[in-house]
Amino acid sequence: MTDLKTTTDVLAELVACPTVSSDSNLHMLGLIANRLHAVGARVELYHDAGGTKANLVGTLGPDRPGGIMLSGHSDVVPVEDQPWSSDPFTLREEGGRFYGRGTCDMKGFIACSIAMAEHYATLDLKRPVHFAFTHDEEIGCLGAQALAPILAARSDTPALAVIGEPTSMRIIEGHKGCCEYQVTFTGREGHGSEPDKGVNAVEFATRYITRLLDLRAELQTRAPATSRFDPPWTTVNIGRLTGGHVPNVIPGHAEVDWEMRPVRDEDRVFVKEAIESYTQDVLLPAMRRVWPAAGIETTVLGEVAGLEPMEENAARDLVAELTGANGTDLVSFGTEAGLFQQIGMSAVVCGPGSIEQAHKPDEYVTGDQLEMCLAMLRRLGTRLAR
């Protein structure tokens with residue numbers, strides 16, 4: 001039977017791989033693939049366009065749809081300028097805590113899953129169990145966005161997904177999405193004494209922001225009556241406005257960074273269509289009447305789907321059965337769960353460790369949390385063999 005010692009041995013291997021999002025995750029995935037191959041799993045790597053990163057999918061059990069997917073991201077956030085008490089890429093145990101970058105976010109869950117694979121391989125599984133580990137979650141869920149359509153097209157598409165983000169083993173059935181954009185305004189510089197002869201990029205950027213703020217107010221009236229989020233509506237935030245240099249020069253360049261956290265995908269579509277219509281029908285014609293080369297360019301920094309709470313959620317119900325929990329929560333942070341929900345999977349978020357430790361110096365996960373996760377995964381094996 002898999003125990004905590006086996007799990008922490010795996011965790012030490014994973015922590016020793018410095019899989020910061022700016023670097024490759026291939027060495028870590030190679031270690032995982034070797035462990036899965038050793039117990040008879042079918043393993044596939046899906047590389048990114050540059051060939052330096054990949055998503056891994058491993059499978060035990062029958063080759064058929066309807067299985068359970070244990071999912072986690074392999075990348076971690078940087079450690080630069082953080083006052084760590086020890087080497088962040090060497091697992092350190094002290095007082096029942098296991099310290100190291102990624103221990104809770106989210107190599108602890110990955111270690112539990114991989115350590116449990118040996119146990120699953122001894123069972124007569126009636127449904128497959130999949131291990132899905134992605135790249136670049138921390139910088140926009142890029143790996144999961146690439147993996148989701150691949151999973152949807154497979155002959156053994158999972159039916160349920162458990163995303164092991166650190167929730168202190170609480171069952172999380174919903175979170176808002178997160179969409180981030182950078183908008184660049186190109187106008188025409190000129191002397192401040194002749195504003196009509198220039199195209200003031202800052203002025204048009206502020207008009208764009210004003211429209212976003214109007215939409216933000218309208219979103220409050222669109223909050224679903226049953227929304228349990230705080231606040232219950234989709235939010236919009238203006239994060240940065242830059243442009244101009246001195247008072248007497250018409251600025252020819254400006255940038256606006258903004259984000260939206262939708263409670264449902266319809267709100268994302270509503271805001272994007274409304275601001276695009278305003279840009280194309282109002283702002284650009286006004287700019288180009290003065291200077292035909294004027295422009296507004298929007299760059300999508302990231303669009304991560306939220307996990308919408310569903311009245312019927314088989315993954316939530318399964319994890320509740322496995323853990324004995326009788327309640328669920330929503331969280332403010334984002335995960336990859338919504339991307340899997342969008343392709344038809346039932347999804348839930350539940351994993352060891354606290355989000356309070358994530359991204360901080362001396363990040364840790366406790367042995368008790370790992371034990372709770374292992375107990376859940378053991379019960380999952382029993383369920384899959386029935």
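- In this structure, the side chains of L219 and D267 come closer than 4.5 Å at one or more pairs of heavy atoms.
- Put simply, the side chain of F89 does not reach to within 4.5 Å of the side chain of T19, judged on heavy atoms.
- Within the model, atoms CD1 of I163 and SG of C350 stand 10.5 Å from one another, a figure rounded to the nearest 0.5 Å.
- Proximity of a side-chain donor or acceptor of K53 to a complementary backbone N or O of G51 within less than 3.5 Å is not detected.
- The pair E308-R264 does not meet the salt-bridge criterion, since no charged nitrogen lies less than 4.0 angstrom from a carboxylate oxygen.
- One distance of note links OG1 of T206 with CG of L241; it measures 7.5 Å at 0.5 Å rounding.
- Closest of all the heavy-atom pairs between P158 and H130 is CG-CD2, 3.5 Å.
- Between atom CE of residue M260 and atom OG1 of residue T234 there is a gap of 7.5 Å, rounded to the nearest 0.5 Å.
- Each of E336, E303, H135 was scored for a side-chain contact (heavy atoms from CB on, under 4.5 Å) with C141, with one residue passing: E336.
- With a 6.0 Å cutoff to the six-membered ring centre and a 45° limit on the axis angle, R92 does not count as a cation-pi contact of F98.
- Salt-bridge annotation for R228 and E173: present, with a side-chain N of the basic residue lying under 4.0 Å from a carboxylate O of the acidic one.
- Panel note: side chain T8, backbone L11; no donor-acceptor pair is recorded below 3.5 Å.
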Next item on the list: With side-chain contact (heavy atoms from CB on, under 4.5 Å) as the test, would you mind laying out the steps for R101 and V15 before giving the verdict?
Entry: CA-CA 6 Å; R101 173 54 86 222; V15 169; 5.6 Å; no

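- The closest side-chain heavy-atom distance from L380 to V319 is not below 4.5 Å.
- Between T103 and Y99, the shortest heavy-atom distance links the atoms CG2-C, 3.7 Å.
- Contact between A294 and V199 at its shortest, heavy atoms only, is CB-CG1, 4.4 Å.
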Next item on the list: List the steps and the verdict of side-chain contact (heavy atoms from CB on, under 4.5 Å) for K176 and S332.
Entry: CA-CA 7 Å; K176 292 183 180 181; S332 58; over 6 Å; no

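- With sequence neighbours excluded, no residue forms a side chain to side chain donor-acceptor pair (under 3.5 Å) with K360.
- Side-chain N or O atoms of R42 include one that pairs as donor or acceptor with a backbone N or O of G61 at under 3.5 Å.
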Margin query: side-chain contact (heavy atoms from CB on, under 4.5 Å) for I275 and Y208? Distances and angles first, verdict last.
Written below: CA-CA 8 Å; I275 195 64; Y208 182 95; 3.5 Å; yes

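- Side chain of N200 to backbone of F204: no donor-acceptor contact under 3.5 angstrom is found.
- Partners of H73 under the side chain to side chain donor-acceptor pair (under 3.5 Å) rule, at least two apart in sequence or in another chain, are D75, D105, E137, E165.
- What you find for P78 and V20 is that their closest heavy atoms are CG-CG1, 3.9 Å.
- Both L125 and F131 belong to a common hydrophobic cluster when Ile, Leu, Val, Met, Phe, Trp and Tyr are linked at side-chain heavy-atom distances under 4.5 angstrom.
- Using modelled atom types and a 3.5 Å distance limit, the side chains of N55 and T134 yield no donor-acceptor pair.
- For R154 and E44, the salt-bridge test passes: some basic side-chain N is under 4.0 Å from an acidic carboxylate O.
- R64 has its side chain out of reach of D156: every pair of non-hydrogen atoms, C-beta onward, lies at least 4.5 Å apart.
- Neither V202 nor W258 shares a network with the other; the hydrophobic side chains, linked directly or stepwise wherever heavy atoms of I, L, V, M, F, W or Y lie under 4.5 Å apart, form separate groups for each.
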Next item on the list: Let me see the working for D9 and K5 under side-chain contact (heavy atoms from CB on, under 4.5 Å), right down to the final yes or no.
Entry: CA-CA 6 Å; D9 286 346; K5 177 62 167 60; 2.9 Å; yes

Output a table of donor-acceptor pairs, distance under 3.5 Å, between side-chain atoms of residues 184-192 and any protein atom two or more places apart or on a different chain; print 'none' if there are none.
{"unit_1": "R188", "atom_1": "NH1", "unit_2": "K197", "atom_2": "O", "d": "3.4"}
{"unit_1": "H191", "atom_1": "ND1", "unit_2": "S193", "atom_2": "N", "d": "3.0"}
{"unit_1": "H191", "atom_1": "ND1", "unit_2": "S193", "atom_2": "OG", "d": "2.8"}

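- Counted within 6.0 Å of CG on N326, heavy atoms from surrounding residues, nucleotides or ligands total 12 or fewer; the atom is thus considered open.
- Under the 3.5 Å distance criterion, the side-chain polar atoms of Q182 are left unmatched by any main-chain donor or acceptor of D257.
- Nearest heavy atoms, G164 versus P352: O-CD, 4.3 Å.
- Side-chain contact check for E276 versus E273: every heavy-atom pair is 4.5 Å or farther apart.
- The CG atom of L212 lies 9.0 Å from the CZ atom of R216; values are rounded to the nearest 0.5 Å.
- Both M287 and Y278 are assigned to one and the same hydrophobic cluster, defined by single-linkage of ILVMFWY side chains at heavy-atom distances under 4.5 Å.
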Checklist line | Working for salt bridge (Lys or Arg N to Asp or Glu O under 4.0 Å), residues E321 and R379 | finding: CA-CA 9 Å; E321 176 187 327; R379 296 186 188 107; over 6 Å; no

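- For the pair T221 and W233, the minimum side-chain heavy-atom distance is 4.5 Å or more.
- L215 and V269 fall into different hydrophobic clusters, defined by Ile, Leu, Val, Met, Phe, Trp and Tyr side-chain heavy atoms under 4.5 Å apart, directly or through other members.
- You'll find the side chain of C373 reaches within 4.5 Å of the side chain of F109, heavy atoms only.
- With hydrogens and angles ignored, the 3.5 Å screen pairs a side-chain donor or acceptor of K107 with a backbone N or O of L14.
- Under the 4.5 Å side-chain heavy-atom criterion for ILVMFWY residues, no single connected hydrophobic cluster contains both V300 and I139.
- T157 places a side-chain N or O within 3.5 Å of a backbone atom of L151 that can act as its donor or acceptor partner.
- Checked for salt-bridge contact, R240 and E259 miss the test: no charged N lies under 4.0 Å from a carboxylate O.
- For the pair S155 and D63, the tightest heavy-atom approach, listed with the atom from each and the gap, is OG-OD1, 4.0 Å.
- Salt bridge R170/D329: present, at least one basic N to carboxylate O contact under 4.0 Å.
- Here the side chain of E93 pairs a donor or acceptor atom with the backbone of G96 at under 3.5 angstrom.
- With hydrogens and angles ignored, the 3.5 Å screen pairs a side-chain donor or acceptor of Y120 with a backbone N or O of L377.
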Next item on the list: In sequence, state the C-alpha distance, the side-chain angles, and the governing distance for D3 and T6, and then conclude on side chain to side chain donor-acceptor pair (under 3.5 Å).
Entry: CA-CA 6 Å; D3 58 12; T6 304; 2.9 Å; yes

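- The distance from the CG atom of D136 to the CG atom of D48 is 7.0 Å, given to the nearest 0.5 Å.
- In this structure, E118 contributes its side chain and A38 its backbone to no donor-acceptor pair below 3.5 Å.
- Ion pair R222/E266 not flagged as a salt bridge, since none of the NZ, NE, NH1 or NH2 atoms sits closer than 4.0 Å to an Asp/Glu carboxylate oxygen.
- To the nearest 0.5 angstrom, L29 atom CG is 8.0 Å from S24 atom OG.
- You'll find the side chain of C112 reaches within 4.5 Å of the side chain of L370, heavy atoms only.
- Enclosure of atom NE2 in H47 by more than 12 non-hydrogen atoms of other residues, nucleotides or ligands within 6.0 angstrom is indicated.
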